[in-house]
Amino acid sequence: MPVISLQAIPMEHGLLLAAILFILGMVGVLTRRNIIFVLMSLEIMLNAVALAFVVGGARWAAADGQIMFLMIISLAAAEVAVGLGLVLQLFNRFKTLDLDILSKMKG
Amino acid sequence: MLEYLWLVPAIPLIGSLILVLSQGKLPELPAAIVGAGSIGLAFLVALLAGMEFLSSGDVAYTQHLWTWMAVGGFSADFNLYLDGVALVMMLVITGIGFLIHVYATGYMHDDPSFARFFSYMNLFVSAMLILVLGDNLLLLFMGWEGVGLCSYLLIGFWYTDTYNGYCARKAFVITRVGDASMALGLFLLYTSVHTINIQDAMGVAQQQWTVSSSVANWVTLLLLGGAVGKSAQLPLQTWLPDAMAGPTPISALIHAATMVTAGVYLIARTHVLYEMAPSVQYLVGLIGAITLLMAGFTALTQSDIKKVLAFSTMSQIGYMFLALGVGAYSSAIFHLMTHAFFKALLFLTAGSIILAMHHEQNIFKMGGLRKDLPWSHALFLIGTIALVALPPTSGFFSKEEILGSALMHEDGGFLLWLFGIAGAFMTGLYSFRLYFLVFWGKKTHDGHEVMGLHLQGPLVILAILALVGGWIVIPVAAVFPHGEEHHVPLFYQAIMLALPILGTLTAYFVFVQQRVDVKALAGEGFGARLHHFWRTQWGMDWLYDQVFAKPYATLARINKNDFIDSIYNGTARFAVLMHSLVSDTQTGQLRWYAITLASGVLLLVTIGVLV
């Protein structure tokens, strides 16, 4: 089984993938009206960033990239926990998850 | 009794306080007893004090009550000062005031604000007494403003009619112009002589000022401004006819007998200052001369009985100013006193006629009232004769003294005398026009004399005073410089005697025998224009309207929205606009925030890459 070294993949490809993922996530955040989907899109954006760190770490053969990846993953996990809790509360209170309706913070 | 002098202004003040503190709930009888009684009591004290003053040799008496204020080098005492002039004024105010108060208890009968009326009246008498008894200019000024306030309150006494309120404000504002001038005069005088005591100030001024120096001219001119405002002389005279909106006893007390003569008193009191400024003193006489003639012509065209009397008051005060202008101070005070007698009589009798005619004041709706109102007729005739100055009434003596002094005055006295005798003719004409129109001619309306001791009693006393008051010798020799004895040539005496009679006869021929058709004369062409011109006070009201009232109203209209404030308001409005702009970005839409965030980052990154 041939070992595919990460070195074999040019860094640009990895970064391009991360950028595509990031933009996909961002478009999701901007266009989705359901708060669950927004959260999911946010996860994609976080993962895109995490991927960029990993690619960077591989390119320079440094452990920093992977450490950052671990931090981002744990941050995302915590964020999901808090975020879903808030979503539950929102639904309990307003019986909707539509962000356009949840606009009480209007200045 | 002299040590009880303080009671004279204090008793009316206490009376006023009682009436005020009872909140006008006092029934009529006790209110009348307090109101008129306090003035009667004050008159008694004044009479006793006056008798002691005269018997103790006519020496000016000062009563120190307390130190009013003392700040640094400045101090003002609350002192009463009694000399001959103050005594005459005090007796006129309390004596005539008492008679008018008694009359008013009948005139104001059944008025819902009976007690309020007397509280104002008592306050007025108290303020007027402080004005004449005050030994310093500050105290005098306090009384001066006090009588102005009471005048305002009483002109607008029937305040439910907005016209009365307008008249009261007009009187208040116009006299305030004079008062401002007077206050400036007092300040200037103090900076020059460093005392506000009237006698001391006059002494210092006599020693330190030079004749016709600018300070002497300015002080006397500014004080004259106050005097013409209060005494309704040119050019601040337009308020007096409107002041007739008040109840008739007010017109008699305030706007005929006492308050309007305060200007005469002020100038007589400070006569030493005026002698230091001969040109201003001559101006005083000239103002009086012009006013007396102008008011005479206006009186001839009025149709309201009270306004005729108002203009005749203006005219008679003009005579007093004329006397002051030629240095005949004692004649001015003498005429002030006799005028108080007969003008109070005329006003109160006019009040009786108005009562009898059920509050009709238009003389063209009266006529032929001789039979219906015998009392009023007799009393009004006496008052008119005294006003016209036919011998041997009181008015004859005082007016003859004034005209004689004017004639004997060296500088320009003859001109003033000409004005004076022309005015005497006019007085005869307009006074008897009023008398004939009311009491002679065809009867159009029935009148019913309202009788009562408190109505006719004071009138009879006033009538006696108006007839024989000319023989009263006023004790002012110690106050005023002695003029040399006048020996008016017989020719001039004959003229002075003849002109009032001529005026009377003219009135008789025109208004009783109707030899001249007045209606036609005043109805068309030049005559109508002249009639209108005189009737509207020689256009003075119109002039002030154009020069002061209209431009002020225009300015007020322009500045209705505070265009100066718009700078500050603009700042505020800009802040509000900015706030709303920023506030609009806070839509509450999460996705909107996200887009803003994303585009912001994009912008920053772009800038970072490009730069």
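Numbers restart at 1 for each chain; the letters A, B, ... are given by sequence-line order, proteins then strands. All of these numbers come straight from a predicted model, not from anything done at the bench.
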- Output for pair (B:Ile595 CD1, A:Leu30 CG), nearest 0.5 Å, gives 5.0 Å

- Message: Just checking A:Phe53: does its CZ atom have more than 12 heavy atoms from other residues, nucleotides or ligands closer to it than 6.0 angstrom?
- Response: no

- N/O donor-acceptor pair under 3.5 Å between B:Arg591 side chain and A:Thr31 backbone: yes

- Item | Side chains of A:Asp100 and B:Gln589 in contact at under 4.5 Å (non-hydrogen atoms) | yes

- Message: Quick check on B:Arg176: does its CZ atom have over 12 non-hydrogen neighbours (other residues, nucleotides or ligands) under 6.0 Å away?
- Response: yes

- Message: If you count every heavy atom of other residues, nucleotides or ligands that lies below 6.0 Å from A:Phe94 atom CZ, does the total exceed 12?
- Response: yes

- Message: So for atom CZ, which belongs to B:Phe114, do other residues, nucleotides or ligands contribute more than 12 heavy atoms lying within a distance under 6.0 Å?
- Response: yes

- Item | Separation of A:Met26 CE from B:Leu597 CG (nearest 0.5 Å) | 9.5 Å

